[in-house]
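Any value given below was found using the heavy atoms of this structure, including those in side chains, with hydrogens, waters and symmetry copies removed. Numbers restart at 1 for each chain; the letters A, B, ... are given by sequence-line order, proteins then strands.
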Number of protein chains: 2
Amino acid sequence: MKKTIFVFGILIVALLSLFQLSSYSIMAGDLSSEVFIAITAIVFLIVGFLLQYRRKERLLQPKPAPIDSDKINELGITDREHEILVKLSEGLSNKEIGETLFISESTVKTHLSNLYSKLSVKRRTQALQKAKQLHIL
Amino acid sequence: MKKTIFVFGILIVALLSLFQLSSYSIMAGDLSSEVFIAITAIVFLIVGFLLQYRRKERLLQPKPAPIDSDKINELGITDREHEILVKLSEGLSNKEIGETLFISESTVKTHLSNLYSKLSVKRRTQALQKAKQLHIL
DNA sequence: TTTCCTATCATACGAAAGTACCAAACCGCA
DNA sequence: TGCGGTTTGGTACTTTCGTATGATAGGAAA
């Protein structure tokens, strides 16, 4: 917000300066009004360009990683289950998931079964697809 | 390129119109030059804004996921194999893939086995991860 | 024509994955 | 202190997946 006020302040000052300069120069007769209009056009074209550039930059930032934790809670998915879901997306087998998390394969299966029912799916590949679709991965 | 020429053509015409209008009005004395400068400023601010917006839109579009068919050929993946890979990413079982493509489960298994070796993976979930990483999905 | 590639299908076997129970330990909360 | 949820683990069983091997058929290339 502070930036917006600052930018518009600058713009108004620039505009007023142009007014003054144009009045003076036209009186003096050394420059035509067309030149001022042209200058104004170019300057504000660039300003508008830059303003939009800045604005889009901000919109670009929050794009890459949207992990919807609200959705996770909404579905009642626990931390552990989500942790296992991540390992799943890395292509690990149940056994490998167990090894990386220091738990038995049985436990992994239990968590996955619960996860499947919460996602209303029957297979790990379906879980992956649904998880991505729901932005919880 | 055609668009760029068109847009700049419009801009030049607009500018010339303003010149004419300003000359006429100043002669007639019914409007001050400040008003024209202000109008010019606003118009070109908006134009600059819109131009940058379009440009950014184009930069944003190619983000999601282009399907790298060169990579597919490079890995020697056949059309049928890739077709099955797509079904895989939809979370279908071998049997279901067979049904949607009107082939037997055996054939699906054969294609998948070949696909796995071409992708250097051992499981379907790994295949999915690798396929996305290589932009062939 | 013979060879190579692709697509198709089958059988058999072992390895994963998934389901259905059950149960113990822990933790926070009422 | 007991209740409910989470995490952990187990057994037993079914289903799915993956591999190996072989076979047939069509099309493209040599």
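Note: CG (B:Leu128) to C1' (D:dC17) measures 14 Å, nearest angstrom. Atom-to-atom, CG of A:Leu115 to C1' of C:dG18 comes out at 13 Å; the value is rounded to the nearest Å. If you take CD of A:Glu81 and C1' of D:dG5, they are 11 Å apart, rounded to a whole angstrom. Between the CD atom of B:Glu83 and the C1' atom of C:dT6 there is a distance of 13 Å, rounded to whole Å. At whole-Å resolution of the value, CG in B:Asn114 and P in D:dG18 are 13 Å apart. For the pair B:Lys122 NZ and C:dA16 C1', the interatomic distance rounds to 13 Å; values are reported in whole Å. One can place NZ of A:Lys118 at 11 Å from C1' of D:dT7, the figure rounded to the nearest angstrom.
Listed here is the closest heavy atom pair of A:Asp68 and A:Ile136: O-CG2, 3.7 Å. Minimum interatomic distance between B:Leu134 and B:Leu119 (heavy atoms only, all atoms of both residues): CD1-CD2, 4.1 Å. For the pair B:Asn94 and B:Val108, the tightest heavy-atom approach, listed with the atom from each and the gap, is O-CG2, 3.8 Å.
Using a 4.0 Å cut-off on heavy atoms, the residues of residues 88-112 of chain B that approach DNA chain D are B:Ser93, B:Asn94, B:Lys109, listed by number. Listed by residue number, the members of residues 71-79 of chain B with any heavy atom below 4.0 angstrom from DNA chain D form an empty set.
A 4.5 Å side-chain heavy-atom check between A:Leu128 and B:Gln129 finds every atom pair outside the cut-off. Between B:Leu85 and B:Leu115, some side-chain heavy-atom pair lies under the 4.5 Å cut-off. Counting heavy atoms from C-beta outward, B:Glu83 and B:Lys87 have side chains that stay 4.5 Å or more apart. Annotation: side chain of A:Tyr116 is not in contact with side chain of A:Arg123 (no heavy-atom distance under 4.5 Å).
Judged by distance alone, with hydrogens and angles left aside, the side-chain atoms of B:Glu81 form no donor-acceptor pair with the main-chain N or O of B:Ile77 at under 3.5 Å.
In this model, the phosphate group of D:dC17 is not approached by any side-chain N or O of A:Arg124 to a distance below 4.0 Å at OP1 or OP2. For the pair B:Arg123 and D:dG18, the criterion of a side-chain N or O lying under 4.0 Å from OP1 or OP2 is not met.
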(Q) As a quick check of understanding, evaluate side-chain hydrogen bond (donor to acceptor under 3.5 Å, both in side chains) for A:Thr110 and A:Thr107, giving each step before the final call. (A) CA-CA 5 Å; A:Thr110 305; A:Thr107 308; 5.8 Å; no
